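Below: one structure, written as structure tokens.
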Amino acid sequence: MKLMRVGEAGSEKPALLDAGGKIRDLSGHVADIGGEAITPSGLAKIAAIDPKSLPEIAPGRIGACVAGTGKFICIGLNYSDHAAETGATVPSEPIIFMKATSAIVGPNDNVIIPRGSEKTDWEVELGVVIGKTAKYVTEAEALDYVAGYCVSNDVSERAFQTERSGQWTKGKSCDTFGPIGPWLVTKDEIPQPQNLGMWLTVNGQKMQNGSSKTMVYGVAFLVSYLSQFMSLHPGDVISTGTPPGVGMGLKPPRYLKDGDVVELGIEGLGTQKQTFVADR
């Protein structure tokens, strides 16, 4: 299934995209796309509904594909070819950092370049949405805890991230720096998450063109690994790293400015389009 949230910010309705590309209203069956609705039992109930029996919703603003996210966990330098372009070595264990949940926005919402920013950058990433509580799970069983997948743009301010003291979080958590969606695609539709093509353009120019097959640590490993340190809950999002082609890796580096348009997508998970706007 392709689950989504449609409507103005703060007033989104839960919905699904049917086989014909029509948006169907799920609000008569679930309160939102998140929490209990994306557990195995919740998804089974939604799957049992005939989409044709649901009211159609006219196309409009698409919100973040999951509601009530408690943790937005990101993985750094998780593509061997991306690590190489930044001059970094592949880490012996995953690099974990957090993106504030207040950064989450819809897939096509404007992204605000924060005041003082000179190095706002892009990163197309595979997002993993947790579907049931995971704690000390094995790699073999890890995907049982996944509800589905989504497109994530891990927007980053590189000077805030790497040139100011402290952790990466402040360069990753600016308002609007977490577009996710358009859909939460349930895992039954994505049987091979480690072989998905992904791409990103800036003003129509292809900047990233990679595949999840070059991930250093795969989805199952990451879910298991993270669950050794913290419990994962339905609605938590793991953004799993980016392939090469980010602005900081170019020679000379290139960063986003007011009016730039970024488009990105992942095979089977849909596309995003954002206009970057300076915060004045």
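Computed over heavy atoms, backbone and side chain alike; hydrogens, waters and symmetry mates excluded. Keep in mind that this is a model prediction, so the values were computed, not measured.
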If a pair satisfies ring pair (Phe, Tyr, Trp, His ring centres under 6.0 Å) and one of its residues is in residues 132-186, list it, with sequence neighbours excluded.
F97-W168
Quick test of your reading: applying ring pair (Phe, Tyr, Trp, His ring centres under 6.0 Å), list the pairs with at least one residue in residues 186-230, sequence neighbours left out, ordered by first then second residue.
Y217-F221, F221-Y225, Y225-F229
Could you report the tightest heavy-atom contact between [X] and [Y], atom names first, then the distance?
{"X": "I266", "Y": "C150", "value": "CD1-O, 4.4 Å"}
{"X": "V105", "Y": "A64", "value": "O-CB, 3.7 Å"}
{"X": "D260", "Y": "L256", "value": "OD2-CA, 3.5 Å"}
{"X": "P51", "Y": "D18", "value": "CB-CB, 4.0 Å"}
{"X": "A142", "Y": "A220", "value": "CB-O, 3.3 Å"}
{"X": "P234", "Y": "G35", "value": "CB-O, 3.7 Å"}

Quick check on [X]: does its [atom1] atom have over 12 non-hydrogen neighbours (other residues, nucleotides or ligands) under 6.0 Å away?
{"X": "Q228", "atom1": "CD", "value": "yes"}
{"X": "E141", "atom1": "CD", "value": "yes"}
{"X": "K22", "atom1": "NZ", "value": "no"}
{"X": "K187", "atom1": "NZ", "value": "yes"}
{"X": "E118", "atom1": "CD", "value": "no"}

Applying side chain to side chain contact (heavy atoms under 4.5 Å, CB included) to L264 and T201, what does each step give before you reach the verdict?
CA-CA 6 Å; L264 58 150; T201 66; over 6 Å; no
Are any of the side-chain heavy atoms of [X] and [Y] separated by less than 4.5 Å?
{"X": "T176", "Y": "V155", "result": "no"}
{"X": "M4", "Y": "I62", "result": "yes"}
{"X": "K71", "Y": "H233", "result": "yes"}

Quick one: does S173's side chain have a donor or acceptor within less than 3.5 Å of a partner on T169's backbone?
yes
Under 3.5 Å, is there a donor-acceptor pair between the side chain of S212 and the main chain of P193?
yes
To the nearest 0.5 Å, how far apart are [atom1] in [X] and [atom2] in [Y]?
{"X": "K172", "Y": "Q161", "atom1": "NZ", "atom2": "CD", "answer": "4.5 Å"}
{"X": "M215", "Y": "I75", "atom1": "CE", "atom2": "CD1", "answer": "8.5 Å"}
{"X": "I95", "Y": "L77", "atom1": "CD1", "atom2": "CG", "answer": "4.5 Å"}
{"X": "T240", "Y": "N78", "atom1": "OG1", "atom2": "CG", "answer": "6.5 Å"}
{"X": "L200", "Y": "T271", "atom1": "CG", "atom2": "OG1", "answer": "11.5 Å"}
{"X": "I73", "Y": "K99", "atom1": "CD1", "atom2": "NZ", "answer": "13.5 Å"}

Test: E157 and R164 ion pair at under 4.0 Å:
no
Give a yes or no on whether a salt bridge exists between R158 and E123, defined as a side-chain N under 4.0 angstrom from a carboxylate O.
yes
Would a hydrophobic clustering, with Ile, Leu, Val, Met, Phe, Trp and Tyr connected at side-chain separations under 4.5 Å, put V277 with V262?
no
Hey, are Q274 and N153 close enough side-chain-wise for a donor-acceptor pair under 3.5 Å?
yes
Examine the side chains of T186 and D188 and answer whether a donor and an acceptor come within less than 3.5 Å of each other.
yes
Using a side-chain heavy atom cutoff under 4.5 Å and only I, L, V, M, F, W and Y, what cluster partners does L16 have?
M1, L3, L26, V30, I33, I38, L43, I46, I49, L54, V66, F72, I104, V129, I180, L184, V237
Using the side chain to side chain donor-acceptor pair (under 3.5 Å) rule, take T39 and K132 through it: C-alpha gap first, then chi angles, then the decisive distance, then the call.
CA-CA 5 Å; T39 64; K132 67 176 180 177; over 6 Å; no
Are Q167 and M98 close enough, and set up right, to give a side chain to side chain contact (heavy atoms under 4.5 Å, CB included), and what steps lead you there?
CA-CA 10 Å; Q167 300 178 342; M98 309 295 279; over 6 Å; no
Pairs in or reaching into residues 59-68: which pass salt bridge (charged side-chain N to carboxylate O under 4.0 Å, His left out), with residues at least two apart or in two chains?
E12-R61, R61-D109
Quick test of your reading: applying salt bridge (charged side-chain N to carboxylate O under 4.0 Å, His left out), list the pairs with at least one residue in residues 28-57, sequence neighbours left out, ordered by first then second residue.
R5-D32
Partner residues of K273 under the side chain to side chain contact (heavy atoms under 4.5 Å, CB included) criterion, sequence neighbours left out
N108, V261, E263
Mind running side chain to side chain donor-acceptor pair (under 3.5 Å) on S152 and D154 for me, showing each step along the way?
CA-CA 6 Å; S152 171; D154 179 18; over 6 Å; no
